[in-house]
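To find a chain, count down the sequence lines: A is the first, B the second, and so on, and within it residues start at 1. Basis for what follows: all heavy atoms, side chains included, without hydrogens, waters or symmetry-related copies.
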Amino acid sequence: DTGVSQDPRHKITKRGQNVTFRCDPISEHNRLYWYRQTLGQGPEFLTYFQNEAQLEKSRLLSDRFSAERPKGSFSTLEIQRTEQGDSAMYLCASTEGAGNYGYTFGSGTRLTVV
Amino acid sequence: AQSVAQPEDQVNVAEGNPLTVKCTYSVSGNPYLFWYVQYPNRGLQFLLKYITGDNLVKGSYGFEAEFNKSQTSFHLKKPSALVSDSALYFCAVSGDNQGGKLIFGQGTELSVKP
């Protein structure tokens, strides 16, 4: 297991289309986090899971966004009816335990909505 | 509410000179502090963390950071900069009972010139 994997690396979509991103965490990590990073900004928290349970969602996560981690392993982040403002880098990270010891990030999925 | 400030958008240093990237934070309770580095179109790489203990923390690639509770600061330092250190650096903080959720600063672009 070489780290956190995210797929795809890049996605270009037309406004109004739905997109889904996948994150495969490090296998023994029970916590999984999603962040969004826009150009020139630091990452912003979206949501996190402990095993399969989604424990917190940011107000940034509008009702067009949904995240799942069905078996406590990989996670998906879906954006419905994409808008140009959704263009960003979507980062996934995973960690063991309570998460306060830092985590390992994936390389991210860059979304461009045209 | 938790917050992180990186007061410098950019830091320019000559190769071989010491570097400092500044970070101040605000958090309720005990702070958990982190530095990450990001290269173009990549995810974030962990550099170092402060959880408890010695105020001087040593991390990857010769970087270190000093936790100063009275000044609520966690500045990143390196005694001798390399051109390959040029990247975007993010300071982040978490607190007690935050589920490991990180609040990031805006980032500081470090440029090391030969």
Side-chain angles (χ1 to χ4, degrees), chain A residues 2-10 21 23 25-26 29-51 53-61 88-112, chain B residues 1-10 21 23-25 27-53 57 59-60 63 65 74 87-109:
Chain A
T2 57
V4 177
S5 299
Q6 291 190 246
D7 184 68
R9 290 294 306 275
H10 304 276
F21 310 140
C23 172
I26 293 173
H29 285 181
N30 61 322
R31 288 212 170 180
L32 186 149
Y33 299 79
W34 285 99
Y35 285 78
R36 182 175 72 184
Q37 185 181 18
T38 53
L39 204 61
Q41 302 293 319
E44 297 171 294
F45 169 79
L46 292 179
T47 188
Y48 85 95
F49 294 83
Q50 179 163 309
N51 300 314
Q54 189 173 19
L55 296 188
E56 186 175 344
K57 293 192 290 186
S58 162
R59 282 172 288 179
L60 291 174
L61 219 63
M89 174 81 89
Y90 290 84
L91 295 164
C92 176
S94 70
T95 190
E96 297 177 278
N100 280 333
Y101 292 88
Y103 24 80
T104 303
F105 278 91
S107 294
T109 293
R110 181 167 292 286
L111 173 67
T112 302
Chain B
Q2 297 168 193
S3 66
V4 175
Q6 293 181 242
E8 302 153 318
D9 290 336
Q10 185 160 14
V21 182
C23 171
T24 59
Y25 68 90
V27 67
S28 300
N30 297 314
Y32 301 83
L33 295 156
F34 305 86
W35 276 101
Y36 286 87
V37 61
Q38 187 175 37
Y39 295 96
N41 296 313
R42 302 295 301 275
L44 279 73
Q45 294 179 28
F46 171 80
L47 279 179
L48 50 78
K49 66 187 177 197
Y50 172 83
I51 305 299
T52 187
V57 177
S60 306
F63 283 94
F74 190 57
L88 193 53
Y89 290 80
F90 289 98
C91 181
V93 67
S94 185
D96 295 326
N97 304 314
Q98 293 298 313
K101 180 178 65 181
L102 290 179
I103 303 299
F104 284 86
Q106 301 264 70
T108 298
E109 185 162 0

Which atoms of [X] are under 4.5 Å from chain B, going by heavy atoms: the side chain, the backbone, both sets, or neither?
| X | result |
| --- | --- |
| A:L55 | neither |
| A:Q41 | both |
| A:Q50 | neither |

Nearest atoms (heavy-atom pairs only) where B:L102 meets A:F45: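 Closest approach of B:L102 to A:F45: O-CB, 4.4 Å.
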Under 4.5 Å from any heavy atom of chain A - which part of B:L44: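 It is both, since atoms from each part get that close.
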Using heavy-atom distances under 4.5 Å, tell me whether B:Q38 contacts chain A through its side chain, its backbone, both, or neither.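 For B:Q38, the contact with chain A is made by the side chain alone.
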Separation between CG of A:L46 and NZ of B:K101, rounded to the nearest 0.5 Å: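 Rounded to the nearest 0.5 Å, the CG-NZ separation comes to 11.5 Å.
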With A:F105 as reference, evaluate B:Y36, B:F90, B:Y39, B:F46 under the ring pair (Phe, Tyr, Trp, His ring centres under 6.0 Å) test and give the passing residue.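 Option passing the ring pair (Phe, Tyr, Trp, His ring centres under 6.0 Å) with A:F105: B:Y36.
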Using a cut-off of under 4.5 Å on heavy-atom pairs, state which of A:P43, A:A93, A:G108 scores highest against chain B.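 Most pairs with chain B among the choices: A:P43.
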